[in-house]
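Everything below concerns the one structure shown next.
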Amino acid sequence: MTDVIATNQTILVVGGGISGMTAALEAAECGKQVVLLEKNPSTGGRVSQLYKYFPKLCFPTCGLEINLRRLKANRNIRLLTMAEVEQVTGSPGDFTVTVRIRPRFVTEACTACGDCAKAVTSEFPNEFDYGMSQRKGAYLPHNLAYPSRYVLDARVAGTAEGQAAKAACKVGAIDLDQKEEVITLKAGAIIWATGWKPYDAAKIQPYGYDRFANVITSVEFERMLDPFGPTQGKIRRPSDGATPKNIAFIQCAGSRDRNHLKQCSRICCMATLKQTTYVREQLGDAAQSSVYYIDIRAIDRIDDFHRRVKEDPNVTFVKSKVASITRDKASNDLFLNGVNTEGYHRYSNRHDLVVLAVGMEPSVPAGTIPAQVRANPHGFIELDPATGIFGAGVSSEALDVNRAVQNATAAALRAIQVVNRVAGAEG
Amino acid sequence: MNDINRSMLEQYRNRFLREVEANVEEGQWVKMCMQCGVCAGSCPMGPYWEHPPQELFMMIRAGKREEVLSSTSMWMCTSCYNCIVRCPRELPITHIMHGLATYAKRLGLVPKDQPTAKFAQKFWNNLTKKGRVNELKLGLALYFMNGFAEGVKTSMKMQDVGLGMLKSKRLDPLEILGGHGVKDKAGFQAMLKKAEEIEMAKIAKNQAAGG
Amino acid sequence: MLDIELNDIPDWNCCAASIGYAGGGELPRLSLSARNLALSEQHHPGQHVVATCAACWLATKETKERLSHDPELFAETNTVLREAGLQLRNETPVRHMVEVLIEDVGYDRIQQAVRKPLKDIKIAGYVGCQTNRPFGIAGESYENPKYLDKFVEVLGGSPVENYDKKVSCCGGALIFSEPEKSQALIKDIIEAAYDGGAEMIVTPCPVCQMNVEVYQNHINQKYGTKFNMPVVYYSTLMAVAYGKSAKEAGLDGQMIRAKALEDIAGR
Amino acid sequence: MAEIKVGAYICKGCGLGERLNIAALEGTAKKAGKANVVRSHDFLCSQDGVALIQADINQEGVNRVMIAGCSRRAKTEAFNFDGVSISRANLREGVIWIRPDTADAKETTQDMAQDYVAMSCAEVRRMTPPTANDKAQLNRQVLVVGGGISGMTAALEIARAGYKATLVEKSAALGGWAGKLYRRVADRYPYADPQSNGVAELAAAIQAEPGITVRLNTLVARTDGAPGRFVVALASESGETVEETFGAIVQASGFNRYDLANLPEMGGGALPDVIDQAGLEALAVAANGGAIKRPSDGKEVTSVAFVQCAGQRSEKPGHLPYCSGFCCTTSIKQAMYFKDRNPDVDTVILYTDLRTPGVAGEDFYRSGQRKGVTFTKGVVSGVSQQGRGPVVAFHDEILNEDVNLDVDLVVLATGQVANAGVNIDIPPQADGQPAAGQPVSILNLGYRQGPDLPQLKHGFADSHFICFPYETRRTGIYTAGPVRRPMDIAQAQEDATGAALKAIQALENAGLGRAAHPRSGDLSFPSFRREGCTQCKRCTVECPFGAIDEDEQRYPQFNEARCRRCGTCMGACPVRVISFENYSVETVGQQVKAVEMPDEFSDKPRTRILVLACENDAYPALDMAGQNRIEYSPFVRIIPVRCLGSVNTIWITDALNSGYDGILLMGCQKGDNYQCHFVKGSEMAHYRMSKIGDTLKGMNLEVERVTTYEVAITDIQRIPALLNDYAATIEKIGLNPLKDF
């Protein structure tokens with residue numbers, strides 16, 4: 001049974017992505033007691049699946065390593081993985097939270113030596129690669145996974161393979177009897193940092209993501225660049241593994257669209273500009289990038305980056321929301337059909353890979369949060385101190401990493417204000 | 001230039017957008033377009049549009065009244081509704097195209113011999129006469145709509161179709177005798193007359209008020 | 001057989017499809033469908049209005065929708081209807097025959113009734129525009145609706161998967177005013193069916209059925225193609241599968257004869 | 001100070017027992033390592049193993065713990081003992097996982113392991129458990145500089161958290177630019193209409209907040225000290241100056257208005273009816289809900305054009321190269337001023353990219369359209385006066401035609417110019433005064449490295465890090481609002497709240513003598529041997545955080561609360577007098593020496609390569625290489641360093657003298673897009689190593705023997721390759737001739 005010491009001066013942070021980790025660390029480094037919940041087996045969230053950040057083109061794992069070191073060193077934070085909030089009752093300064101914890105079947109004793117993975121043969125689609133690759137039934141989610149403990153997939157836990165894994169573990173870290181448990185804990189304030197998920201591209205029917213192999217999403221493209229990713233870091237066409245020569249990037253794929261997400265997801269323009277630099281970096285003059293856009297939203301200093309990309313002769317910009325994609329059956333190339341609205345030019349352009357810059361959708365739409373929050377109809381949390389529950393990062397608005405962290409830092413202070421009031425009242 | 005057109009020009013001066021909003025079916029949506037062009041790219045008749053919908057909307061905002069209303073573009077609409085379902089901004093583009101067509105026709109700005117304009121008018125006349133469409137009459141009228149000589153050619157060209165359809169009983173030969181229409185013709189026509197009145201009254205009001 | 005009973009709306013009038021606009025403005029056009037709805041409410045209270053024609057369905061359903069969202073327009077419509085001694089409450093559900101078949105009857109019962117499965121006939125399900133947009137059949141996508149393929153399947157035929165021109169436009173009424181342009185569209189529709197290995201095309205829309213079937217000669221003349229693709233209405237498929245004779249199934253009404261169906265019907 | 005007692009603990013788990021000769025490792029720990037207690041355990045990170053160590057600490061008085069097993073990055077929580085120094089010999093990720101399990105690899109693998117054990121023993125013997133410095137003091141008072149919306153928000157949020165804030169504003173009233181707005185952009189769903197600028201409400205809340213002291217007409221005359229003990233002189237208009245102490249500082253000095261005169265081609269400064277957005281706010285305030293009248297002749301405005309990106313997103317001299325982000329929504333809001341009152345007013349927004357991001361932005365854009373604001377994608381070539389009013393000449397990008405638009409009023413959407421004070425990268429004049437043309441200082445820091453915060457780009461005092469927007473190069477001082485980056489009110493208020501937290505965190509850390517990010521919680525701090533110091537000033541100049549001043553006798557003065565513990569000063573010191581309790585020239589130098597150098601009679605391969613790897617990126621990458629079982633040369637001996645900036649050249653020369661054949665330094669990317677967590681550390685190291693060439697020549701050694709690489713944490717495959725290539729290079733140029741002297 002997981003036991004957690006938490007009081008009404010504890011800050012509960014829901015979500016262990018960069019926003020949740022930031023909120024938890026900033027509060028803990030102010031001396032506050034924090035419980036950090038993550039529904040996945042490891043922290044890091046969406047950013048750990050990115051190859052580089054714009055506009056610096058630096059690596060997300062670099063900052064993640066620092067945050068993990070802060071986390072390991074800080075005794076004020078209690079991290080629970082594979083844990084999700086079931087219900088929140090009570091009021092600011094006095095919340096009671098029920099948390100459901102799924103079994104990992106691997107205890108703290110795990111040394112991440114990897115013997116269990118050797119003993120397990122069956123494979124499953126790799127969530128970390130959006131299913132573009134397979135992973136073992138016993139696995140470490142990724143190189144920088146923290147806690148650095150393996151996970152035994154529930155689908156093998158009950159099988160002979162589970163037994164084999166148990167037998168293979170020299171430190172006796174595998175516990176096949178682990179059950180799902182529900183615990184309740186106290187909290188004075190709650191920071192809700194459940195982040196975002198990529199909009200389901202299959203719903204954008206005219207683009208045929210569900211029908212055409214060479215139509216992929218921007219997040220899948222990121223995974224391709226990871227040397228430990230599904231294509232060992234190589235930009236490839238899913239249909240035949242060939243190197244693309246003429247890549248299209250479609251903006252607002254699911255954003256600014258009443259049929260999908262009404263909001264502008266803010267990051268997609270920059271993500272695409274960044275991804276054209278991947279193409280340039282890896283394929284040089286052997287590949288062209290075309291960006292189909294409505295407005296390029298490269299705010300503040302980031303516009304320098306936008307101008308730099310525009311200077312690349314291999315990158316062209318077309319002001320147009322692509323109307324439809326059709327496929328050439330023989331080559332699996334794709335035709336993008338539409339109209340360049342700058343002067344009305346019809347096009348039916350051939351590309352051999354299409355990347356949909358998919359929008360950001362709240363992982364947990366604010367309306368469905370099992371607690372009293374102020375939500376707008378787009379599914380984001382709006383600031384309302386009276387609730388004692390504060391959105392951090394993308395649960396509060398479509399934000400880039402930098403703004404999400406800024407927002408999470410602010411959320412940490414708002415939570416501290418609540419628990420300090422409690423402390424004051426209790427003397 | 002007919003009278004309505006003259007006085008509308010008077011009233012709205014350069015504010016064509018307001019004119020469209022006040023007088024064109026679903027015209028109040030025009031301002032919501034963000035120029036993404038998805039409608040233009042989705043239209044089956046795309047290649048034949050002089051100005052695609054999104055461009056028409058921009059022209060309306062830019063006050064290009066004459067160019068818009070005398071354009072053949074909106075007459076290219078096949079009512080396939082592809083633009084409507086894809087428009088990210090919810091514009092009922094098909095209806096706006098129909099509305100622009102209707103308005104252009106009321107203002108007498110339709111290009112001469114615009115085939116769809118003529119056909120649509122014939123269809124309407126045919127329908128309003130009896131409340132139902134007499135396909136064969138419509139067909140014949142249609143084939144002769146470009147004048148006699150042209151008509152002969154067309155009907156020759158279409159003969160096989162006509163005959164084929166007769167053979168396959170798609171057209172009831174009796175219809176040539178005009179057998180078939182609504183019983184309450186009086187009420188039916190009164191209804192349409194009233195509807196027309198109400199709309200023209202509105203337009204008259206706008207002529208006076210300038211929207 | 002599927003025990004659905006349809007009765008005519010007494011003294012119905014034409015809905016003007018979507019081509020009345022040159023003659024009639026918004027209100028006159030809406031009043032046409034409003035009249036039909038009012039008549040139905042008067043004579044068949046509580047019954048659904050079911051249309052077998054895409055254009056009729058769309059025009060009528062659109063009228064219902066727009067009047068329910070626009071009180072002013074609704075009021076004006078009733079003023080107009082009064083001239084014909086009618087009044088509209090606008091409470092009647094407007095449905096397409098296909099909706100009735102899929103939602104009320106269901107694929108299972110449609111399948112159970114099959115006597116002569118349409119074995120080994122490759123059929124391209126051409127949905128067209130107005131059965132599909134802007135309303136469409138619940139749960140189907142605009143770009144790649146699957147119901148017609150399922151339909152073919154349950155009747156024992158084999159559908160063309162992801163038929164490229166499934167939902168593209170046949171030109172509709174513009175076949176009359178813009179024959180060349182429309183025929184160009186039709187050409188692509190038939191071509192794609194051949195590419196998909198289809199022996200015939202099935203469609204839920206009478207306009208599509210006519211446009212795609214009857215102009216193949218002209219297209220062949222103009223483009224040097226050798227099209228001879230039967231195009232049948234979905235009810236024809238059902239009739240044959242349910243054991244009706246070629247005549248009963250209206251196969252003699254085909255300008256391009258659907259041999260494969262005639263054979264089955266003949267057995 | 002109790003006598004040093006080293007306990008060496010060797011783990012046999014994770015295959016170490018099978019792959020290595022544990023007895024021999026114990027021997028090394030005893031002999032070479034001079035450990036007082038030596039134990040091995042099957043599974044050291046188990047409760048039992050940890051208890052074993054704790055027992056020795058309690059009963060045997062062990063106060064230096066050497067753990068040989070997995071990497072220092074693994075099982076950190078388990079091996080976490082109070083009051084002792086701990087070192088970790090990385091035998092798992094660093095040895096058995098990167099070496100093949102073969103007979104002929106066995107010996108070299110064992111040698112590697114034994115060296116690491118010896119090195120860790122040597123290191124931990126020279127470490128002392130850090131104790132917080134005695135100058136640490138808690139001061140719960142925060143100084144907020146700037147009484148605009150950012151500063152007001154920061155002060156309020158600080159007070160609401162139970163701390164005290166002093167809000168200093170140079171003008172006679174709070175509110176700043178926001179206070180001059182007729183309305184602000186909506187900050188709540190439905191994001192549809194302009195709303196009250198909120199300044200009055202904020203001011204009232206501040207009034208009512210006992211924790212806040214407001215000082216108007218006041219400037220910061222001087223700022224000395226460090227987090228927890230900033231001493232600030234506040235000068236009021238009347239000339240009197242008060243001195244107060246603060247725990248931390250928030251700088252919310254905002255932005256300055258862009259000078260319209262820079263845009264003559266747009267009629268800026270020349271035409272009366274061409275104004276900027278601030279100008280329109282003034283007109284709207286004057287109209288106060290009535291019709292807005294244009295400046296030239298007071299005519300009621302019936303048509304207005306907004307020109308976006310005026311003097312922005314452009315490299316032209318006098319223009320701003322960046323996008324100010326807020327201007328698109330502001331123009332929409334201002335167009336609404338007209339439309340809400342009279343829909344017949346023609347309002348056109350001329351833009352190239354309409355930038356209304358997020359939920360709030362896009363909803364507000366749609367609302368503007370709903371209200372009839374016209375949006376035209378157009379590039380404006382100029383504004384001229386023709387007859388009664390201005391004419392905007394632009395190219396309509398959609399209709400692809402040139403248009404002349406007659407309007408009553410033109411609003412140029414100009415950007416925000418940061419008000420960040422003196423640019424300290426521009427060298428001051430001889431007399432120490434700021435160079436000509438420099439703006440007046442805002443903080444007047446008494447810091448060795450200049451009176452204001454370092455600026456990042458385009459004059460904004462921002463963090464360079466994506467993940468750490470509040471990273472500051474002046475510990476305890478945080479910027480918020482448009483001084484940090486161009487932004488709108490909503491963002492500025494978020495930003496101010498975040499900065500408020502960092503200020504509170506800084507003063508709490510200072511109170512405990514703890515380091516701030518990225519070495520959060522580190523209690524150690526640099527100290528120096530005064531008698532050895534030559535006053536060369538390198539440490540005071542090179543500290544990336546301006547933490548070191550010079551005292552009256554021109555000795556370095558360390559201001560530990562400003563220090564981030566990177567050790568760049570230690571690396572800079574030519575006489576090696578700077579050290580930390582747990583990290584020093586000794587702790588590393590002794591590891592260098594602890595490696596066994598096979599002599600000329602040995603039958604072992606004799607190549608040895610010293611690798612000094614940045615602990616933030618290079619070292620984790622090496623661990624992950626091990627995790628993925630990527631092999632590399634058995635001749636490397638890797639020592640993690642806090643930052644390449646802390647590498648003292650003595651380690652290099654000692655290493656060469658003691659027979660290493662080559663030395664590799666691996667640090668983070670330097671330059672404009674630096675990824676060094678200590679800003680300049682990697683840069684400094686590269687600079688210093690570039691100088692070492694002469695030393696090498698002096699010793700008759702090839703330059704290749706000392707090589708520096710920029711690596712990233714993602715170079716999990718590249719780094720092993722670099723090591724192997726380097727080993728090959730050494731093979732080529734041969735062993736170090738100094739080996740056997």
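Just so it is clear: chains get the letters A, B, ... in the order the sequence lines come, proteins before strands, and each one is counted from 1. Below, all heavy atoms of this structure are taken into account, side chains as well, without hydrogens, waters or symmetry copies.
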Next on the checklist: Working note: D:Y163 + D:E508, criterion side-chain contact (heavy atoms from CB on, under 4.5 Å); need CA distance, chi angles, decisive distance, verdict.
Outcome noted: CA-CA 11 Å; D:Y163 295 79; D:E508 288 289 348; 2.6 Å; yes

Checklist entry - When you check the gap from the basic side-chain N to the acidic O, do D:R642 and D:D522 get nearer than 4.0 Å? => result yes

Item to check | Heavy-atom pair count under 4.5 Å with chain A, highest-scoring of D:G325, D:P486, D:S520 | outcome: D:S520

Item to check | Residue, of D:V359, D:N673, D:N400, D:T76, that accumulates the most heavy atom pairs under 4.5 Å with chain A | outcome: D:V359

Checklist outcome for this item: When every non-hydrogen atom of D:L138 is compared with those of D:L507, the smallest separation belongs to CD1-O, 3.6 Å

Item to check | Side chain, backbone, both or neither of D:H677 within contact of chain A (heavy atoms, under 4.5 Å) | outcome: side chain

Checklist entry - Non-hydrogen atoms of chain A under 4.5 Å away: do they reach the side chain of D:S46, the backbone, both or neither? => result neither

Checklist entry - Is it the backbone or the side chain of D:R629 that comes under 4.5 Å from a heavy atom of chain A, or both, or neither? => result side chain

Checklist entry - Is the closest basic N to carboxylate O distance between A:K274 and A:E222 below 4.0 Å? => result yes

Next on the checklist: Let's test your reading of the structure: which of D:D396, D:I713, D:L456 forms the most heavy-atom pairs below 4.5 Å with chain A?
Outcome noted: D:I713

Checklist entry - Would a distance-only check, ignoring hydrogens and angles, find a side-chain to backbone donor-acceptor pair under 3.5 Å from D:S463 to D:F468? => result yes

Next on the checklist: Please classify the contact between D:D42 and chain A as side chain, backbone, both or neither, with a heavy-atom cut-off of under 4.5 Å.
Outcome noted: neither

Checklist entry - What class does the angle between the rings of A:F59 and A:Y51 fall in, given that below 30° is parallel, 30 to 60° is tilted and above 60° is perpendicular? => result perpendicular

Item to check | Leading residue by heavy atom contact count with chain D [cutoff under 4.5 Å; candidates A:K319, A:K170, A:R421, A:M360] | outcome: A:K319

Checklist entry - Most heavy-atom pairs under 4.5 angstrom with chain A, which of D:E401, D:Q493, D:R514, D:H464? => result D:H464

Next on the checklist: Donor-acceptor check, side chain of A:N376 to backbone of A:F380, threshold 3.5 angstrom: yes or no?
Outcome noted: yes

Item to check | Toward chain A, the part of D:Y365 with a non-hydrogen atom under 4.5 Å | outcome: side chain

Next on the checklist: Can you tell me which portion of A:A298 sits under 4.5 Å from chain D's heavy atoms? Options are side chain, backbone, both or neither.
Outcome noted: both

Next on the checklist: I'd like to know if D:E615 pairs up with D:R519 as an ion pair, taking the criterion as any Lys NZ or Arg NE/NH1/NH2 lying under 4.0 Å from an Asp or Glu carboxylate oxygen.
Outcome noted: yes

Item to check | Best-contacting candidate, A:A398, A:P55, A:C113, A:P60, against chain D by heavy atom pairs under 4.5 angstrom | outcome: A:C113

Item to check | D:E77, part contacting chain A, at a heavy-atom distance under 4.5 Å | outcome: side chain

Checklist entry - Top residue by heavy-atom pair count (under 4.5 Å) with chain A, among D:A506, D:C668, D:G358, D:C14? => result D:G358

Checklist entry - Between A:N407, A:V401, A:N74, which has the largest tally of heavy atom pairs under 4.5 Å with chain D? => result A:N407

Checklist outcome for this item: In terms of heavy-atom pairs under 4.5 Å with chain A, the winner among D:N616, D:I504, D:L354, D:L512 is D:L354

Checklist outcome for this item: Cut-off 4.5 Å, heavy atoms of chain A, and the answer for D:A360 is both

Item to check | Salt bridge flag under 4.0 Å for residues D:E362 and A:R297 | outcome: yes

Checklist outcome for this item: Residue from A:K56, A:E397, A:K72 scoring the most non-hydrogen pairs under 4.5 Å with chain D is A:K56

Next on the checklist: For the backbone of A:A109 and the side chain of A:T107, can you confirm whether one donor and one acceptor N or O come within less than 3.5 Å of each other?
Outcome noted: yes

Checklist outcome for this item: Bottom line for D:N80: the part with an atom under 4.5 Å from chain A's heavy atoms is both

Checklist entry - Are the charged groups of A:R403 and A:D300 less than 4.0 angstrom apart, N to O? => result yes

Checklist entry - So, are A:R301 and D:D462 salt-bridged, with charged N and O less than 4.0 Å apart? => result yes

Next on the checklist: One thing to verify: whether A:D304 and D:K457 come together as a salt bridge, which I'm taking to mean a side-chain N less than 4.0 angstrom from a carboxylate O.
Outcome noted: yes

Item to check | D:F465 and D:Y674 aromatic ring geometry - parallel, tilted or perpendicular at 30°/60° bounds | outcome: perpendicular

Item to check | Toward chain A, the part of D:R73 with a non-hydrogen atom under 4.5 Å | outcome: both

Checklist outcome for this item: Bottom line for D:C45: the part with an atom under 4.5 Å from chain A's heavy atoms is side chain

Item to check | D:R366 portion near chain A, given a 4.5 angstrom heavy-atom threshold | outcome: side chain

Item to check | Pairing of D:D82 and A:R75 as salt bridge, 4.0 angstrom limit | outcome: yes

Checklist entry - Do D:R484 and D:D495 meet the salt-bridge criterion of a basic N to acidic O distance under 4.0 Å? => result yes

Item to check | A:R414 bridged to D:E494 by N-O distance under 4.0 Å | outcome: yes

Checklist entry - When you check the side-chain N and O atoms of D:Q627 and D:E93, is any donor under 3.5 Å from an acceptor? => result no

Next on the checklist: Using a 4.5 angstrom heavy-atom cutoff, name the option from A:I416, A:D115, A:L399, A:L144 with the most pairs to chain D.
Outcome noted: A:L144

Next on the checklist: Run A:D303 and D:R355 through salt bridge (charged side-chain N to carboxylate O under 4.0 Å, His left out) and show every step you take.
Outcome noted: CA-CA 11 Å; A:D303 198 58; D:R355 292 179 169 173; 2.9 Å; yes

Item to check | Per-residue contact mode, D:R313 against chain A (heavy atom under 4.5 angstrom) | outcome: both

Checklist entry - Checking heavy atoms, do the side chain of D:Q669, its backbone, both or neither come under 4.5 Å from chain A? => result neither

Next on the checklist: Only pairs of heavy atoms separated by less than 4.5 Å count here; which of A:N340, A:I302, A:N143 has the most with chain D?
Outcome noted: A:N143

Checklist entry - Who in residues 261-269 of chain A is close to chain D, using a strict under-4.5 Å heavy-atom cut-off? => result A:K262, A:Q263, A:C264, A:R266

Checklist entry - Side chain of A:N76, backbone of A:A28: donor and acceptor closer than 3.5 Å? => result yes

Checklist entry - A:I66 versus chain D, heavy atoms under 4.5 Å apart: side chain, backbone, both or neither? => result side chain

Item to check | Toward chain A, the part of D:T153 with a non-hydrogen atom under 4.5 Å | outcome: neither

